[in-house]
Amino acid sequence: MSKNQKQDASGWRNPNHVASAAAARIAANLTLGAELRRRAASGLALGSFIIECPVPATLNAFALAGFDFVVLDMEHSAVDFARLELLIAAAHAAGIATLVRPSGQDSGLIGKILDMGASGIMVPHVDSPERARAVVAESRYAPRGNRGLCPLSKYDSLGEPLRSLDDSTYVVAQIEGKEAIGRIGDIAAVPGIDAVFVGPYDLAMSLGVLPGSPQVFAAAQRLAQAAPKGPTLGIYIDDPARCADWAARGFALQVVGFDGRMLANAARAVATQARSGKDPAK
């Protein structure tokens, strides 16, 4: 082995491993990302953003509604690390996978999020293969990356924590700019990227068009055609009636709406029905 070659420590056995029913439950929560990967590979993994209502009750509601995962958004919300830890714990209790969208690119930020127990990461504005490689490096243990290892007590639930965590960490590169669309083949080909995800609102801003414009969705279609086989294609969708169409186009990782929008739409529907006295089903 050369001095610059990283040793493969994935088979490291945890000397503090605990075999018990409690350990099995904790291990299952720490590896929810593996099930998310399987669902996406099968053709559809359905999620939504948590932005405006970041409380445990929202996680319970989304799990009960049948979503496969949620994206805990730190980029556009007031969620800090103290709140994030509570939300991840609530998601574990509900058995729903969590991706976290960080608010910056500070060194160590991704590793800290993953150490909290998130199932994976959705990194905004990945515009180059160099940035994609940096994301993978922070998300994966050696030799695939350089994520730091802290032998946290919850990892005692895993016999081979490095292998189990690496295999279940879901890494999503968000594509939101013209440059990224032009380099999608190189970005998606970076080893360790599980999915490339179209953010249509920022993409519209980058293209100089209005959100919802045909040019945005034409760019998403070009991405689907240019991306290599392997990474899952993902997209944000406002209208759930469009989900089947996007799935048919190959976009299996779908984030539909967000908590505040669903609450606002449902509240309006209730108020409208109550004032009209009409049954909307008739």
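Atom CZ of residue R131 and atom CD1 of residue I187 lie 11.5 Å apart, to the nearest 0.5 angstrom. Here the CG atom belonging to L72 is positioned 9.0 Å from the OG atom belonging to S119, to the nearest 0.5 angstrom. Taking CD1 of I26 as the start and CG of L158 as the end, the distance is 9.5 Å to the nearest 0.5 Å. Atom CG of L32 and atom OG1 of T98 lie 7.5 Å apart (nearest 0.5 Å).
In this structure a side-chain-to-backbone donor-acceptor pair under 3.5 Å is missing from T272 to A269. Judged by distance alone, with hydrogens and angles left aside, the side-chain atoms of R37 form a donor-acceptor pair with the main-chain N or O of D167 at under 3.5 Å. Under the 3.5 Å distance criterion, the side-chain polar atoms of H92 are left unmatched by any main-chain donor or acceptor of A28. For R140 (side chain) and G192 (main-chain N/O), a donor-acceptor pair under 3.5 Å exists by modelled atom type. Checking side-chain atoms of K178 against main-chain N and O of G208 turns up no donor-acceptor pair under 3.5 Å. With D259 contributing its side chain and I51 its backbone, the two residues share a donor-acceptor pair below 3.5 Å. In this structure a side-chain-to-backbone donor-acceptor pair under 3.5 Å is missing from S164 to P161.
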Residue pair R183, D127: steps toward the side-chain contact (heavy atoms from CB on, under 4.5 Å) verdict = CA-CA 8 Å; R183 305 186 72 183; D127 294 327; over 6 Å; no
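Ring planes of F49 and Y236: tilted class, angle from 30 to 60°.
Remark: E85 CD is loosely packed, at most 12 non-hydrogen atoms of other residues, nucleotides or ligands lying under 6.0 Å away. The neighbour count for K112 NZ, taken as heavy atoms of other residues, nucleotides or ligands under 6.0 Å away, does not exceed 12.
One finds no salt bridge joining D73 and R83 here, because no Lys/Arg side-chain nitrogen approaches an Asp/Glu carboxylate oxygen to under 4.0 Å.
Centroid-to-centroid, the aromatic rings of W246 and F217 come within less than 6.0 Å.
With F62 as the fixed residue, the side chain to side chain contact (heavy atoms under 4.5 Å, CB included) test singles out one of L64, N60, T58: T58.
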